[in-house]
Colleague: 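The structure that follows is given in the form of structure tokens.
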Amino acid sequence: MESTKIMPRHLLLLFFPIATAILGGLLFSGSFRDFTNNWGGRGISQAELYLAVSFFIGAIAFSCYCLPKYALWGLLIVIPLLDGILMIVRLGSQFSLILLFILNLICGILLWLILRYTFLAKSLIKIRTLIFSFVSALVLGTYLKILMLLLKQPKAANTFMDYFLNALVLFIFIGVGISLANLVIVRKEIDEAKKAIREDAEDDD
């Protein structure tokens, strides 16, 4: 999308995916304790994963809608780098920051491309959430399996299907959040356009 004037309602593109992802994670986990469990600080909790991914997707959606391209590329580089730093600080891992950054960057760029060519594609509007969720879950599931093996985390023994299903739930709720945000934004823009037309007609009279 082309950059546009930023209005407060556009922030819904950031906040709604985070809110729906957290809600979905709580429902999928069954309890707050399971959702936030990080194995005594030796692993990444589901809550941390859902928050990080939903923030990334929300920030990218907001950037695609409102910001120029250089800002988008800045987010695609800065967020994966910050995630890598936080992972090392959080886990105390001796894993290479450069390798973590590269993994995060590849995953982030793929998720952006999926968002751009599925969810933001007007031709796929009726099935965009389904395609976006499924393809994104494949990417994130693969990323998580590789990451957990490299970091030797407690859940590294989980199968790819475990990670895929978890990621699928995450992206379904993220997709719902973006859809709701888009719905609010579009309705507001339509209302403003109708108001402007009425004012122009009154001025002509």
Side-chain angles (χ1 to χ4, degrees), residues 1 13-14 16-18 20-22 24-25 28-29 43-65 69 72-87 90-91 93 95-121 123-125 127-153 155-179 181-182:
M1 297 184 181
L13 289 166
L14 177 60
F16 272 19
I18 295 175
T20 53
I22 297 301
F28 182 68
S29 299
I44 299 173
S45 71
Q46 197 169 12
E48 291 168 328
L49 171 66
Y50 275 45
L51 180 60
V53 176
S54 61
F55 173 78
F56 175 77
I57 296 296
I60 295 302
F62 173 80
S63 180
C64 288
Y65 200 97
K69 289 184 178 180
L72 171 63
W73 282 106
L75 289 175
L76 287 173
I77 294 174
V78 171
I79 295 179
L81 178 59
L82 289 177
D83 285 343
I85 295 173
L86 289 174
M87 288 166 68
R90 169 72 174 73
L91 301 173
S93 174
F95 199 62
S96 169
L97 175 60
I98 295 177
L99 186 52
L100 267 179
F101 169 64
I102 292 173
L103 286 175
N104 291 344
L105 182 64
I106 293 174
C107 182
I109 290 176
L110 289 176
L111 291 178
W112 162 62
L113 290 173
I114 295 168
L115 180 71
R116 178 180 178 182
Y117 291 108
T118 60
F119 204 92
L120 299 181
S123 60
L124 300 175
I125 190 169
I127 56 174
R128 62 185 183 181
T129 300
L130 178 62
I131 298 177
F132 165 75
S133 301
F134 185 83
V135 181
S136 295
L138 288 174
V139 171
L140 186 61
T142 302
Y143 165 83
L144 289 174
K145 185 61 180 178
I146 295 173
L147 182 65
M148 294 302 175
L149 288 172
L150 290 174
L151 295 178
K152 299 180 181 179
Q153 293 302 299
K155 297 190 71 174
N158 285 11
T159 66
F160 169 77
M161 187 56 64
D162 294 327
Y163 294 115
F164 170 76
L165 292 177
N166 190 14
L168 183 61
V169 171
L170 168 60
F171 284 111
I172 287 174
F173 279 92
I174 287 177
V176 170
I178 297 176
S179 295
N182 275 328

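Everything numeric in this text was worked out from a predicted model, so none of it was measured.
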Colleague: Supply the atom-to-atom distance Leu99 CG to Leu147 CG, rounded to the nearest 0.5 angstrom.
Modeller: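 Nearest 0.5 Å value for the CG-CG distance: 9.5 Å.
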Colleague: Using the rule side-chain contact (heavy atoms from CB on, under 4.5 Å), only one of Thr142, Leu144, Leu149 pairs with Ile146; which is it?
Modeller: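 Of Thr142, Leu144, Leu149, side-chain contact (heavy atoms from CB on, under 4.5 Å) with Ile146 is met by Thr142 alone.
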Colleague: Apply ring-ring contact (aromatic ring centres under 6.0 Å, His included) to Phe16 and Phe173, showing your working.
Modeller: CA-CA 10 Å; Phe16 272 19; Phe173 279 92; over 10 Å; no
Colleague: Once rounded to the nearest 0.5 Å, what's the spacing between atom CE of Met87 and atom CG of Leu82?
Modeller: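 Those atoms lie 12.5 Å apart.
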Colleague: Return the minimal non-hydrogen interatomic distance between Leu75 and Ser63, and the atom names on each side.
Modeller: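 Leu75 and Ser63 have their closest heavy atoms at CD1-CB, 3.6 Å.
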Colleague: Tell me which one of Tyr143, Phe160, Phe171 satisfies side-chain contact (heavy atoms from CB on, under 4.5 Å) with Leu138.
Modeller: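 Of the listed residues Tyr143, Phe160, Phe171, the side-chain contact (heavy atoms from CB on, under 4.5 Å) partner of Leu138 is Phe160.
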Colleague: Check Ala21 against Leu170 and note the closest heavy-atom contact, atom names and distance.
Modeller: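 Answer, listing the atom of Ala21 first, then Leu170: CB-CD1, 3.8 Å.
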Colleague: Search all heavy atoms of Gly141 against all heavy atoms of Ala167 and return the closest pair with its distance.
Modeller: N-CB, 4.3 Å
Colleague: Quick check for you: to the nearest 0.5 Å, what is the distance between Ile174 atom CD1 and Ile22 atom CD1?
Modeller: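 One finds 9.5 Å between CD1 of Ile174 and CD1 of Ile22.
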Colleague: Look only at the side chain of Ser136 and the backbone of Ser133, and say whether a donor-acceptor pair between them is shorter than 3.5 Å.
Modeller: no
Colleague: Taking atom types as modelled, is there a side-chain donor on Ser179 or Asn182 under 3.5 Å from an acceptor on the other?
Modeller: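 Side chains of Ser179 and Asn182: no pair found under 3.5 Å.
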Colleague: Measuring from atom CG of Leu150 to atom CE of Met148, what distance do you get when rounded to the nearest 0.5 angstrom?
Modeller: 11.0 Å
Colleague: Step by step, work out the side-chain contact (heavy atoms from CB on, under 4.5 Å) result for Thr118 and Val135.
Modeller: CA-CA 9 Å; Thr118 60; Val135 181; 5.5 Å; no
Colleague: Flag yes if more than 12 heavy atoms outside Phe134 fall under 6.0 Å of its CZ atom; otherwise flag no.
Modeller: no
Colleague: Between Leu110, Asn104, Leu111, which is the residue that forms a side-chain contact (heavy atoms from CB on, under 4.5 Å) with Cys107?
Modeller: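 Per the side-chain contact (heavy atoms from CB on, under 4.5 Å) rule, the option paired with Cys107 is Leu111, out of Leu110, Asn104, Leu111.
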Colleague: List the atom of Pro17, the atom of Gly58, and the distance in Å for their closest heavy-atom pair.
Modeller: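 For Pro17 versus Gly58, the nearest heavy atoms are CG-CA, 4.2 Å.
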Colleague: Taking all atoms of both residues into account, what is the closest heavy-atom pair of Asn166 and Gln46, and its distance?
Modeller: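 Closest pair (atom of Asn166, atom of Gln46, distance): OD1-NE2, 2.6 Å.
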Colleague: As a quick check of understanding, evaluate side-chain contact (heavy atoms from CB on, under 4.5 Å) for Glu48 and Leu86, giving each step before the final call.
Modeller: CA-CA 11 Å; Glu48 291 168 328; Leu86 289 174; over 6 Å; no
Colleague: When rounded to the nearest 0.5 angstrom, what is the spacing between CG in Leu81 and CG in Leu76?
Modeller: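 Here the interatomic distance stands at 13.0 Å.
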Colleague: I need the minimum non-hydrogen distance between Ala61 and Leu13, along with the two atoms involved.
Modeller: O-CD1, 4.1 Å
Colleague: Can you measure from CG (Asp83) to CZ (Phe56) and round to the nearest 0.5 angstrom?
Modeller: 8.5 Å
Colleague: Side chains of Leu168 and Phe28: does their closest heavy-atom pair fall under 4.5 Å?
Modeller: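 No, too far: nothing below the 4.5 Å cut-off.
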